[in-house]
Amino acid sequence: MRVLNVIIPYFNEANRIESMISGLAKEIRANQLFREELHLRFCWANDGSTDSSKENLSRAIASYLPSGTTVALFHVDHFFVDLERNSGKA
């Protein structure tokens with residue numbers, strides 16, 4: 001099975017994170033691109049958020065796109081990285 005790793009940085013996204021996760025789940029369920037099973041691994045990089053982004057992300061993932069589940073042809077997993085402070089844009 002092929003693996004697709006997706007790295008998503010976030011910083012103070014508490015107000016938008018739920019709609020982003022629900023939209024992502026909707027797009028995955030409507031998959032029209034892939035015709036074979038794919039292990040889809042999301043790496044969420046918290047870039048020093050000072051709001052409730054991390055907590056909101058965990059709740060949204062549990063509600064819309066839980067780790068270890070299969071959605072359409074995708075086997076979904078999530079990994080988390082926390083940075084102590086914001087590193088800014090590259």
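Predicted model only: the values in this text are computed from it and were never measured.
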Residues which pass side-chain hydrogen bond (donor to acceptor under 3.5 Å, both in side chains) with His39, listed by chain and number, not counting sequence neighbours: Asp77
Asn31 and Leu73: CA distance, side-chain angles, deciding distance, side chain to side chain contact (heavy atoms under 4.5 Å, CB included) verdict: CA-CA 8 Å; Asn31 168 45; Leu73 294 174; 4.2 Å; yes
Partner residues of Phe74 under the ring-ring contact (aromatic ring centres under 6.0 Å, His included) criterion, sequence neighbours left out: Phe34
Side-chain cluster (under 4.5 Å, hydrophobic types only) that Val81 belongs to, other residues: Leu83
Those residues that, when tested against Arg2, pass salt bridge (Lys or Arg N to Asp or Glu O under 4.0 Å) (two or more places apart): Glu36
ILVMFWY cluster, Ile17 and Phe79 together (side-chain gap under 4.5 Å): no
side-chain contact (heavy atoms from CB on, under 4.5 Å) involving Phe42 - partner list, sequence neighbours excluded: Val6, Ile8, Leu24, Ile28, Leu40, Trp44, Leu65, Val76, His78
Partner residues of Arg29 under the side-chain hydrogen bond (donor to acceptor under 3.5 Å, both in side chains) criterion, sequence neighbours left out: none
Side-chain donor/acceptor of Ser53 to backbone N/O of Glu13, under 3.5 Å: yes
Within residues 51-74 or reaching into it, pairs that qualify as salt bridge (charged side-chain N to carboxylate O under 4.0 Å, His left out) - sequence neighbours excluded: Lys54-Asp82
Chi angles and distances behind the side chain to side chain contact (heavy atoms under 4.5 Å, CB included) call for Leu57, Phe80: CA-CA 10 Å; Leu57 175 63; Phe80 303 90; 3.9 Å; yes
ILVMFWY clustering at 4.5 Å (side-chain atoms), partners of Met1: none
Results of side-chain hydrogen bond (donor to acceptor under 3.5 Å, both in side chains) for Thr70 - residues two or more places apart only: His75
CA sep, side-chain torsions, deciding dist, call: Asn46, Ser49, side chain to side chain donor-acceptor pair (under 3.5 Å): CA-CA 6 Å; Asn46 181 2; Ser49 293; 2.9 Å; yes
Worked verdict on Arg41 versus Val3 for side chain to side chain contact (heavy atoms under 4.5 Å, CB included): CA-CA 7 Å; Arg41 298 190 306 192; Val3 176; 3.5 Å; yes
Asn15, CG atom: more than 12 neighbouring heavy atoms under 6.0 Å: no
Qualifying residues under side-chain hydrogen bond (donor to acceptor under 3.5 Å, both in side chains), relative to Tyr64, sequence neighbours excluded: Glu18
